[in-house]
Amino acid sequence: MLDFRLNGRSFLLDESTSVKIKWVNPACYHDKLIGDVGLGITLPDNRTNRALLGNPERFDKYSSGSDRKFPGFEILHSGVHLLRGPLVLNNGFSGWLQSEYGALREEQKEKKITEMPWPEDAVFSNKASYDDSVDEYNTRVIMNPGFWEGKGKEETIKEDYVDENGEDQERDITRSVMTSHQLRNYAGYINNHTLPVIMPGCVISPFLYLRYVLKESLRMNKWFIGRNDMVPDGDTGLNLWKNIVIYNNFNILDIVTETVIEIKPRWDPYTGLYFNVPVAKITNADWTLLNFKYKNLLPKIKYDDFILGVQNFLNFIFRFRNDSRVDIIDRNKILSGAAFDIDRWHRKTWEKENRKNVKLKFVSAYDKDDQLFASNYEDLTDRRDDFKEPVDTYEDLENIVSPENGELRLVRSQNRIYEYKWKAEVFGDAYLQEFQVDATGWEYVSSGPQPYLYGDGEEIEEIKSELSTLQIDMFGTPRVWQKGNLASIKSSWNDFSGRLIPGNTELWKEGLYWEGDNGLFKTRWERWAHFWKNRLEVTAEFDLPLNMISYLVDNITGKYRTREGEFIIEEMECEFGMNKIGRTTIRGYKI
Amino acid sequence: MITISEITNASTHLSGNPIRVKATTSGIPGGASEYMILLKVISADGVLFGSPFPSAIAPDANGVADFEISGWVNQEIEKDLTWPIPDQYSGKGHGWESLVYDVWLVPGERYINSSGNLVENYQDTWGTLFIVSGQLNEYLLARLNSAGSSWYNYYCAGGRWLSFMPLSQKVAPYQPVKLWWKSTGDASYSLKVKGYYSDGTDEILSWAHDLYRGVLFEFDIQPSGLGFTINDGTKKLVKYEAWLEGTVNVEHREFVVDHAWKEEYWYLFVDNKMGGIECIWLSGRVKFAPAGSRSVAKRPQRSGEGIKQRTRYTTAKSLRRWTINTGTKSRTEMEALLMLLDTEYAWLAIPPAGGSTDISQYQLTPVIIMNGELPLFDNSLDILDIDIELEEAY
């Protein structure tokens with residue numbers, strides 16, 4: 001028998017009361033996070049129900065334009081819990097049931113991950129090596145010579161660089177003195193420290209483990225991880241659970257200064273005269289390790305975007321269950337798992353749609369404030385057909401025999417893309433006169449990584465993630481050129497986007513790029529993408545008993561079978577009457 | 001610590017009626033939030049698909065959570081019966097282990113502790129429940145509840161056959177009567193049948209059976225199959241009684257034999273949805289009127305086609321249908337036929353043309369009872385019989 005309860009107390013229903021419940025499989029959605037829903041709930045208007053809802057019909061309860069929510073609502077049938085969550089009444093006693101996960105998303109959808117109650121006063125734990133199964137952060141070394149830009153006094157120096165044609169050049173640059181200190185004392189690296197000795201230019205940035213952030217952010221919202229496919233079975237397989245950290249540009253060292261007031265002259269261009277200005281000149285600066293806030297180590301992105309970003313980057317989905325548990329499920333395991341046979345309840349033949357033939361485009365949102373991307377980056381998706389096989393080094397590029405005009409090649413060691421084209425070569429003579437020569441050759445076009453395309457259909461489906469990664473050099477060191485943050489300089493805070501980096505050397509250095517044999521597509525997406533780009537949508541009806549409905553709901557991400565073959569569920573819908581369980585309609589994709 | 005009450009370990013329940021399990025916590029741990037009492041239902045013999053079934057309810061102010069587990073266990077179980085009917089040299093009792101399934105109940109608790117971590121603990125298995133697929137109507141259930149009883153206590157422990165038919169029935173001489181019962185424990189029983197003859201004599205036949213509490217037992221009480229003489233020209237079997245003797249003595253049921261000649265004897269086996277399958281003698285008029293459905297498709301006539309080639313084709317399917325009158329029955333027998341409107345399983349035993357007393361010559365066909373209404377009683381009309389509409393279930 002159908003039972004609606006609010007905080008354990010049953011509503012009084014009539015014979016015609018029914019509810020249609022739709023459960024969805026998050027594995028089949030790449031563009032949004034989605035929750036289950038109970039539709040078409042109409043509660044009879046009687047004394048019992050009015051009292052349970054706090055007399056919603058009274059005038060003073062009406063408010064224009066806003067739904068009324070009643071948390072703690074449950075739908076049961078013969079004692080079996082079908083759905084829990086807040087009841088949303090939007091018209092008298094009619095409304096719908098939002099799942100608890102849907103309610104969480106509603107609360108969190110505008111909230112940034114940094115707004116959660118992370119530890120505020122953490123003491124830095126300096127270790128020679130961090131336990132990536134237990135510790136909350138590590139201090140892996142990355143290269144960021146741009147950290148100190150815009151902070152403090154500047155100087156002009158000569159700098160060597162590699163130009164767009166891959167040739168060594170020299171130029172004048174102006175940079176902060178602290179940058180020079182960093183380059184001199186720490187070779188431009190972050191976390192290359194020798195505590196307790198702190199030299200000028202030192203940057204210490206703890207990088208929070210992805211596993212810690214996921215586990216804690218869920219726990220703060222009273223969700224707890226159940227099944228976790230990010231942890232591989234046994235000792236085999238890639239352990240993404242403990243091998244990934246979240247990049248930030250925050251220095252937990254800060255400056256404690258001693259100053260003396262000095263009078264310095266300043267030129268006024270309007271009067272043509274000098275005037276005296278008092279300046280608190282720093283005479284002594286001590287760099288000190290401060291207690292720090294975890295929120296400063298996290299990107300300012302919405303929590304929704306963060307979770308969806310993880311899903312669409314690493315191809316693990318988050319399945320929020322009715323029992324406060326979240327399962328982190330590998331989409332690839334869905335396809336390879338055993339199929340549960342539900343043929344005995346199958347009624348009517350399968351209805352089939354047209355088979356899809358799409359091109360999947362895997363896109364990561366790169367940080368525009370990282371100079372290694374910024375103006376150096378161009379989306380070459382439209383020129384995918386021009387790409388030829390990548391080469392390892394620039395020398396390999398130049399050794400290609402008879403390249404075609406317009407062909408594009410990735411140089412793996414530089415993670416840069418070059419185009420073979422007609423270009424103007426610039427030369428100079430002894431009198432510093434420039435002259436140009438028409439030539440053909442390789443010219444730099446864009447830095448990698450590029451969005452990854454898979455499939456040959458006309459229609460493009462994007463799988464987009466707000467998370468990305470850093471450039472990784474040939475030695476496996478993540479590289480970035482981005483201004484950093486200090487606790488004492490909040491007024492010029494430099495936001496950073498959500499980026500994941502290998503926490504150690506166990507992960508392949510290109511493991512978080514899309515392309516490459518060890519890249520994300522090959523290691524995490526190929527199997528699923530192969531299925532998804534040519535998926536065949538099917539629909540069928542089943543006469544499922546309640547225990548089977550419950551099983552399918554709890555295992556909606558699983559694989560199922562009838563005599564016609566195997567399939568996965570995208571959504572299932574069933575209408576429940578007072579003493580009746582209607583046919584269950586399952587829409588899914590044939591494997 | 002969770003304690004279970006209002007249900008007894010090793011008790012038996014019908015799957016379709018509410019099965020209430022009351023769980024009480026000894027106390028919520030200090031600092032805990034989101035506290036829930038858990039109850040896991042595990043299919044001990046693997047019959048229930050999707051097992052185990054976890055469930056969680058927040059306790060009320062008294063620390064009590066009321067679980068109702070029928071939804072988990074009320075899975076459709078294909079009903080079955082013994083056919084062909086055994087002869088006098090075969091066993092009379094058949095145990096159906098497949099019609100009773102066991103579930104374990106495992107209580108537990110779940111909460112978020114003071115450190116903000118989820119704690120979930122299950123205790124040891126509390127016990128076993130036996131489930132019989134079936135369901136009593138709400139009014140019958142209400143009467144039992146008011147009397148402080150239950151299906152199990154009234155029928156099984158109370159020594160009653162699982163039957164809605166009255167204690168005294170009119171039967172055909174060779175009617176394959178079936179009686180069903182579920183034992184309260186593992187014990188030895190004697191099935192006893194006493195036949196009464198027209199010459200004033202009687203005889204008692206007895207068969208020993210070991211009955212088990214996890215098994216539903218079917219007894220075939222066809223008198224010729226038991227070894228009674230139906231009619232040898234000097235004496236006729238006038239009536240017979242059947243009962244069980246053992247730890248629980250199961251009631252005597254009386255079957256009065258109607259020897260009036262009939263050309264054919266039709267029988268309807270009906271699942272009464274409380275563990276038994278009744279055999280109902282349909283002694284009235286039988287109308288066999290199958291229905292057919294067909295669709296016709298047409299194609300153009302091809303050049304040269306003659307008188308034997310068709311241009312219209314059909315796909316057709318037949319469906320056997322019967323309308324059978326029950327024949328004259330007593331009021332109590334008529335009222336018992338209410339079960340026909342509830343049943344989901346029925347089989348029609350079809351005699352060969354011209355009739356036969358040999359049940360082995362009958363065909364058994366699964367049927368669906370199509371009546372939407374049965375006029376079982378009208379005190380101004382003296383209803384003695386009704387028509388039952390049947391359709392084959394293929």
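All chains are named by letter (A, B, ...) in the order of the sequence lines, taking the proteins before the strands, and each is independently numbered beginning at 1.
Using a 4.5 Å cut-off between heavy atoms, B:D60 does not touch chain A at all. Of the atoms belonging to B:L118, heavy atoms from both backbone and side chain fall under 4.5 Å from chain A. Residue A:R344 touches chain B through its side chain alone, counting heavy-atom pairs closer than 4.5 Å. Interface remark: B:R20 contributes no atoms to any contact with chain A (heavy atom separation under 4.5 Å).
The closest side-chain heavy-atom distance from B:E68 to A:S78 is below 4.5 Å. Between A:L546 and B:Q75 the shortest side-chain heavy-atom distance does not fall below 4.5 Å.
Counting heavy-atom neighbours within 6.0 Å of B:W96 CH2, excluding the residue itself, gives a total above 12. The local environment of NZ in A:K215 is sparse, with at most 12 non-hydrogen atoms from other residues, nucleotides or ligands closer than 6.0 Å. The environment of CZ in A:R9 is sparse: at most 12 heavy-atom neighbours from other residues, nucleotides or ligands sit within 6.0 Å. Residue A:D121 places its CG atom among more than 12 non-hydrogen atoms of other residues, nucleotides or ligands, all under 6.0 Å distant. Within a 6.0 Å sphere centred on NZ of A:K333, other residues, nucleotides and ligands contribute more than 12 heavy atoms. Atom CD of A:E115 is surrounded by more than 12 heavy atoms from other residues, nucleotides or ligands within 6.0 Å. Atom CD of B:E138 sits in a sparse spot, with 12 or fewer heavy atoms from other residues, nucleotides or ligands closer than 6.0 Å.
Here the straight-line distance linking atom OG of B:S55 with atom CG of A:L76 works out to 7.5 Å at 0.5 Å rounding. To the nearest 0.5 Å, atoms CD1 (B:I57) and CD (A:E74) are separated by 7.0 Å. The distance from atom CZ of B:F67 to atom NE2 of A:H81, rounded to the nearest 0.5 Å, is 8.0 Å. Taking CD of B:E120 as the start and CZ of A:F224 as the end, the distance is 11.0 Å to the nearest 0.5 Å. A distance of 9.0 Å separates CG of B:L38 from CG of A:D323, quoted to the nearest 0.5 Å. Atom OG of A:S550 sits about 3.0 Å away from atom CH2 of B:W72, to the nearest 0.5 Å.
Ring centroids of A:W345 and B:F49 are separated by less than 6.0 Å, placing the two rings close together.
Put simply, of A:M220, A:R325, A:R5, the one with the most heavy-atom pairs under 4.5 Å next to chain B is A:R325. Put simply, of A:I342, A:N7, A:V80, the one with the most heavy-atom pairs under 4.5 Å next to chain B is A:V80.
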